[in-house]
Amino acid sequence: MKWLMRILFLLVAVVGLVIGALLLMPGDKLATILAEQVKAQTGRDLKLSGGVKLSFWPVLGMETGAVSFGNASWAGSEPMLSAESLAVGVDTLAILSGDVLIKRIIAENPTLRLELSDGRGNWEFDTAVAPTASGSGGSKPADASRAVTLEHLKLTQARLIFVENGSARFDVADVDLSASWPAVSAPMVLDAQMPVPGGEARVDIKIPDLPAYATGAASEIELALAAPGGDIGFDGRVNLAGEMDGKLQLKTKDTEKMLAAFGQEGVGVPHGLGRAANVSGQMTYTRDGRISVRDLVASLDSNRFTGEVDIVISNPPQITARLDASDLDLSRYNQSGQTVSSSSSGSGAGAASEGWSREPIDASALALANGEIRLTAKSIALPELTLGPSDLTMRLDRSRAALEMNPATLFSGTLNGQVVANNRNGLSVGGKIKAKGIDLKQALTALVGVERLSGTGSGLFEFLGVGQNENQIMRSLSGKGRLDVGKGLISGFDLDRLMGRGKGSGGTTVFNSLTGSFTIDQGVLQNNDLLMSLDNFRADGKGKVGIGARNIDYLFTPVALRANSGEGLSVPVRIVGPWSNPSIKPDLTKVIEAAAGGKVKELEDDVKKKVIDKIGGDTGTAGTDGDSVEDALKNKLEDEAKKGLLKLFGGN
């Protein structure tokens, strides 16, 4: 028994001497020993400075100054981990039982660089090997059944870098991170906070089966991100390569603020497209940078979309989408927060006298993405316009957008064709459109502020304009087209009354059909073959419409088909002036020439003689050639000519 006690006492003394020697050993010597052991176990270099302090019970711990831990041999030259100070503690009893329970890892101002390449992560270590006792010279791996758990990890003021296949996916600084994995069967919980523009972002991650995740298998994950302006949630599966599949939920109260928090400051979100958003769907992300969302439901402001989206992460991103909407309201698309009355807009009747807007058009959004987006909707309300049921496809390619209408319903009719906006080398807009069943009054009122012409029309229209604002584009327009209109009316003058055919229709001209073609050059529309058919007349027209200058100079010539033995007599009407208030007057000189068969002088002299006699008899100025008589003649001549014309057409 005495010998047994002596042996135990000797063992305790030896252990005490070893521990004492370690505690009294200089810090740099301890650092060298630790570095050698880490190198032997992981194949990585460990550099320690500032001395090393050890503790043994109940926690085997180490505190050090500046530290760096080497990267994998295939990764970059930068260390995987570096910090100004590091404290590590391991449960001593757990080590004696063969497990590793890490009580704490605390690092100040660390930089953690995680790299992934071809499925390999730099956090994976080469398994240490040792020669076997047999003479075969083979080797066997160390025991891999040892459990490793983490009770508390804390990184303060950290910089986190993630690199995939040589390209940095994210690099964020000033991160406070904590993590816990207290048991092998327990979930790993991680939370992090980082400052972002406008406040702070917080990330919470929960992985229920960390050992499975560490092997590279797809494992369950719950992720919640809260940032200024909104929140993102994900519940699904993930693997070490970052591939994900699960339910995505995005909610924003202020989307622009949230975008600014993640480095997209200054990106404007139009009204109706998600200033506030609630988006959900089944999302899949693959390692080659492809995102797909199925069963998409997106509430963007007052609008609701359903459909599917595929995105390839690139510069710029490639987007393919199929979206359905019910009644889509984009009437405030180009406004910033406040409701602006239609009278202040750059088009329509309210702005006709002001001309087209000279405000620069920002077309930079055309470069944000490439791809194809198809949208179907029951109605689409735009600034100044409202479309009915429409099937639209937008194709984006290097700052060029082509909108195909298959069809679009507009002004009670349908449009088929394409409209293009190209901002590759300055802004240009153009298109080729086939229209059918268009309500002309709705169209002309909305587009150019003209309300006098009513009817249902069809036609073709090709156009091209270049410029950085509305005014430049409208003044540069070129193109061609044709218009065919069924029964309609023109308000503002009464052709029946003008031609002396009864009481007329109260200030309007009703026609049976209207046809014509046109060309456009430098913002001026030229038409030479207008033909309008009425019950008793036909009307020809030719002239110019200044689209850029917003004016008109047009000669409209009605012809009475039943007058003068069926040969007809024309009464030209000239329409001159701005769109907002053109002057509409009969051209009496041409009327007199037509009525007299070219004998204008004889007719004028005859009328003049009668007027002089009439005036002379009434005023006592007969035979006088003074200015008073000439003025009187001028005033009376037009009245007498009008009366004569009315008699020719059977009027009173």
Side-chain angles (χ1 to χ4, degrees), residues 269-274 277 279 281 290-301 303-314 316-331 333-334 361 363-424 427-438 443 446-447 458-465 473 479 481:
V269 179
H271 282 283
L273 291 183
V279 181
R290 296 178 181 271
I291 300 173
S292 66
V293 181
R294 300 293 181 263
D295 301 323
L296 173 69
V297 178
S299 296
L300 308 181
D301 300 325
N303 296 315
R304 186 176 186 271
F305 298 85
T306 59
E308 54 191 37
V309 178
D310 291 289
I311 302 172
V312 178
I313 298 176
S314 57
Q318 182 82 21
I319 300 174
T320 303
R322 173 69 170 85
L323 303 174
D324 297 296
S326 181
D327 297 309
L328 184 57
D329 183 5
L330 300 177
S331 59
Y333 177 87
N334 59 354
I361 298 174
S364 59
L366 296 177
L368 293 179
N370 293 331
E372 179 177 309
I373 302 172
R374 184 180 179 187
L375 171 67
T376 57
K378 292 182 179 179
S379 68
I380 305 175
L382 300 170
E384 309 293 340
L385 301 174
T386 299
L387 283 71
S390 299
D391 185 346
L392 309 175
T393 299
M394 176 75 77
R395 291 185 171 86
L396 301 167
D397 180 29
R398 295 175 294 117
S399 298
R400 180 183 184 272
L403 177 64
E404 293 186 4
M405 297 168 281
N406 302 299
T409 303
L410 183 63
F411 306 129
S412 303
T414 58
L415 301 177
N416 287 81
Q418 185 182 81
V419 177
V420 177
N422 190 336
N423 197 41
R424 291 175 181 172
L427 179 62
S428 65
V429 294
K432 184 176 183 179
I433 302 172
K434 181 178 181 180
K436 184 177 181 181
I438 300 296
L447 297 176
S458 300
L460 298 171
F461 185 29
E462 297 181 30
F463 68 96
L464 175 65
I473 292 173

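Worth knowing before you read on, the calculation uses all heavy atoms, side chains too, and leaves out hydrogens, waters and symmetry mates.
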Q | Listed once per pair and sorted, the side chain to side chain donor-acceptor pair (under 3.5 Å) pairs that draw on residues 303-314, sequence neighbours left out | A | Arg294-Asp310
Q. Can you tell if the side chain of Leu396 reaches within under 4.5 Å of the side chain of Ile319, non-hydrogen atoms only?
A. no
**Q.** side-chain hydrogen bond (donor to acceptor under 3.5 Å, both in side chains) involving Ser412 - partner list, sequence neighbours excluded
**A.** Gln442
Q. When rounded to the nearest 0.5 angstrom, what distance separates CE in Met405 from NZ in Lys434?
A. 13.0 Å
**Q.** side-chain contact (heavy atoms from CB on, under 4.5 Å) partners for Leu403, two or more places apart
**A.** Leu392, Met394
Q: Only counting residues at least two apart or in another chain, list the ones meeting salt bridge (Lys or Arg N to Asp or Glu O under 4.0 Å) with Asp295.
A: none
Q: Identify the two heavy atoms, one from Pro316 and one from Ala367, that lie closest to each other, and give their separation to 0.1 Å.
A: CB-O, 3.8 Å
Q. Which heavy atom in Ala321 sits nearest to a heavy atom in Val309, and how many Å separate them?
A. CB-CG2, 4.0 Å
Q | Heavy-atom check, side chain of Val279 versus side chain of Val293, under 4.5 Å | A | no
Q | Under the side-chain hydrogen bond (donor to acceptor under 3.5 Å, both in side chains) test, residues paired with Asp327 that sit two or more places apart | A | Ser379
Q: Of all the heavy-atom pairs spanning Arg374 and Asp391, show the shortest one and how long it is.
A: NH2-OD2, 2.6 Å
Q) What pairs with Ala381 under side-chain contact (heavy atoms from CB on, under 4.5 Å), at least two apart in sequence or on another chain? A) Asp329, Ser331, Thr386
Q: Keeping the roles fixed (side chain from Ser390, backbone from Ala377), state whether a donor-acceptor pair exists under 3.5 Å.
A: no
Q) For Gly437 and Ser458, which heavy atoms make the closest approach, and how far apart are they? A) N-OG, 3.2 Å
Q: Output all residues satisfying salt bridge (Lys or Arg N to Asp or Glu O under 4.0 Å) with Arg322, sequence neighbours left out; order by chain, then residue number.
A: Asp324
Q: With the side chain counted from C-beta on, respond yes when Lys436 and Asn416 share a heavy-atom pair under 4.5 Å apart, and no when they do not.
A: no
Q.
Test: salt bridge (Lys or Arg N to Asp or Glu O under 4.0 Å). Region: residues 403-423. Which pairs qualify, not counting sequence neighbours?
A. Arg395-Glu404
Q.
Just verifying a value: how many Å separate Leu330 CG and Leu385 CG, rounded to the nearest 0.5 Å?
A. 11.5 Å
Q | Heavy-atom check, side chain of Gln418 versus side chain of Lys432, under 4.5 Å | A | no
**Q.** Atom pair CD1/CG of Ile373 and Leu375 - distance to nearest 0.5 Å
**A.** 9.0 Å
Q: Taking Arg398 for its side chain and Arg424 for its backbone only, find out whether a donor-acceptor pair lies under 3.5 Å.
A: no
**Q.** Contacts of Arg400 that satisfy salt bridge (Lys or Arg N to Asp or Glu O under 4.0 Å) - sequence neighbours left out
**A.** none
**Q.** Partner set under side-chain contact (heavy atoms from CB on, under 4.5 Å) for Leu368, not counting sequence neighbours
**A.** Ala365
Q) Taking all atoms of both residues into account, what is the closest heavy-atom pair of Ala421 and Leu366, and its distance? A) O-CD1, 3.8 Å
Q) Excluding sequence neighbours, so at least two apart, what forms side-chain hydrogen bond (donor to acceptor under 3.5 Å, both in side chains) with Asn423? A) none
Q) What distance separates Thr414 OG1 from Asn406 CG, expressed to the nearest 0.5 Å? A) 11.5 Å
Q: Taking all non-hydrogen atoms of both residues into account, name the closest pair between Ile438 and Ala443 and its distance.
A: CG2-CB, 4.0 Å
Q) Say you draw a straight line from CG of Leu328 to CG of Leu273; how long is it, rounded to the nearest 0.5 Å? A) 7.5 Å
Q) When rounded to the nearest 0.5 angstrom, what distance separates CD in Glu372 from CG in Asp397? A) 11.5 Å
Q: Check side-chain contact (heavy atoms from CB on, under 4.5 Å) between Pro317 and all other residues, then give those that pass, not counting sequence neighbours.
A: Ile311, Ala369
